[in-house]
Amino acid sequence: MVDGLPRSVSRLDVDAAAERIRGFVPAPPEADGPPPAAVTAAPITHRVHGWTILVIVVLAFVSTLAAASP
C-alpha cells in the first residue's frame, strides 16, 4: 500500500522501507533523572521473606508429625 491507496504495489529499497517504518516508532521518552547505571541500590534492611519460609517449613513439619501420630 503506497500513500494510503488500497491494493497499490510499489517497490521500495531498504532505506526507503526503513524510513517508512521509523515513522511509526514513537520518540524516546525524556529522561528525568540520572541513567540507571548511575543509581546506587538501596540496602536491604529487613529479611521478611526468610522468616516466612522458616515458618512454612516448621508448620509443614508439625502438620506431618500430627498426621502421622495415632
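Here the structure is a predicted model, which is why all the values come from computation and not from measurement. Values below: all heavy atoms of this structure, side chains included; hydrogens, waters and symmetry mates excluded.
L59 and L54 are assigned to two separate hydrophobic clusters, defined by single-linkage of ILVMFWY side chains at heavy-atom distances under 4.5 Å. Cluster membership check: W51 shares its hydrophobic cluster with V62, using side-chain heavy-atom separations under 4.5 Å among Ile, Leu, Val, Met, Phe, Trp and Tyr.
The CD atom of E19 sits 10.5 Å away from the CG atom of D13 when rounded to the nearest 0.5 Å.
Of all non-hydrogen atoms in A60 and S63, the two that sit nearest each other are O-OG, 2.9 Å.
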